[in-house]
Amino acid sequence: MRSASRRVRGEGKRLALVPTMGALHEGHLSLVRAARAASDVVAASIFVNPTQFGPNEDLAKYPRSFGRDCEMLEREGVEFVFAPSVEEMYPAGAVTWVTVEELSGKLDGRSRPGHFRGVTTVVAKLFHIVEPDKAFFGQKDAAQVAIIRRMVRDLDLPVEIVVCPIVREADGLAMSSRNAYLSLEDRKRALVLHRSLERVRHLVDEGERDALRLIAAGHEEFVREIAVRLDYFEVVDSDTLDRVADVSRGALVAVAAYVGATRLIDNILLGPAKSDNH
Ligand code: AMP
């Protein structure tokens with residue numbers, strides 16, 4: 001992978017990387033298309049990274065569809081698929097980690113201890129192996145975006161991070177490889193995540209700025225959907241992931257919930273209030 005990367009970059013071409021765990025859907029393909037539009041050569045990685053899964057999480061049953069993924073990537077004109085084995089990525093005796101302190105314990109990091117340490121370690125490794133000019137990530141994983149941006153800044157990694165908007169199903173459900181786990185009933189229940197965020201957006205459009213009142217409104221939607229267990233509903237600064245009291249300067253509204261055994265996440269970004277701009 002590295003020699004292929006050095007060859008194309010030696011020819012003066014700009015290389016983009018789209019890191020994924022496979023089981024590709026339109027959300028992933030939106031990143032691939034953005035990468036395609038912004039660079040000469042596109043590499044996608046497919047690696048279900050064991051170090052970002054907790055002991056009781058879904059590593060073993062995480063959906064895998066390598067052949068289909070490769071076909072989809074080929075149709076999008078992706079030049080390279082990097083799909084290393086676990087042994088290649090983590091040879092025996094690997095004990096070195098990349099940790100973005102503080103941020104890694106917030107949002108999903110609070111309910112999934114060690115998750116972001118696994119993410120930042122594998123993403124740093126992918127950056128070193130592929131040496132892309134740009135790397136493309138989805139806003140779907142908002143905490144991941146903040147943490148990777150911080151890692152790139154703190155470690156002076158020579159890569160530009162590009163973030164693409166959340167791709168949704170027609171009814172608003174954020175696309176996710178984990179949606180494949182949902183029964184028909186749970187698929188309907190899962191809409192509560194999007195509904196709670198839309199409720200918040202509506203209140204903000206009407207002038208509400210108080211984070212606690214927005215959170216209370218978000219919670220209310222979950223009270224009505226008893227089969228869904230809320231993990232968190234937070235209003236935070238999108239860079240620091242610290243809670244904010246007021247959304248006038250913009251905020252990230254992020255939610256995570258268990259629909260049956262399936263943990264889903266979603267979020268919206270609120271822009272700065274118009275009155276702040278003049
Ligand atoms: P994953 O395979 O779930 O690790 O996701 C790989 C990349 O695709 C990450 O940068 C995700 O944020 C992004 N992604 C996943 N789902 C979506 C979506 N619905 N919209 C946009 N990007 C997404």
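One-based numbering, in listed order, for ligands and for the atoms of each.
Using a 4.0 Å cut-off between charged side-chain N and carboxylate O, E71 and R68 make no salt bridge. Using a 4.0 Å cut-off between charged side-chain N and carboxylate O, R33 and E26 make a salt bridge.
Legend: residues meeting ring-ring contact (aromatic ring centres under 6.0 Å, His included) with F53, ordered by chain and number and at least two apart, are Y62. Scored by the side-chain contact (heavy atoms from CB on, under 4.5 Å) test, E169 finds D171, L173, M175, R187 as partners (sequence neighbours excluded).
Under 4.0 Å from any atom of ligand 1, one finds heavy atoms of residues P19, T20, M21, H25, G27, H28, L31, Y62, F137, G138, K140, D141, Q144, P165, I166, V167, M175.
Residue pairs that meet the ring pair (Phe, Tyr, Trp, His ring centres under 6.0 Å) test with at least one member in residues 18-51, sequence neighbours left out, are H25-H28.
Criterion: ILVMFWY side-chain heavy atoms under 4.5 Å apart, direct or through other members. Under it, V123 and V32 are not part of a common hydrophobic cluster.
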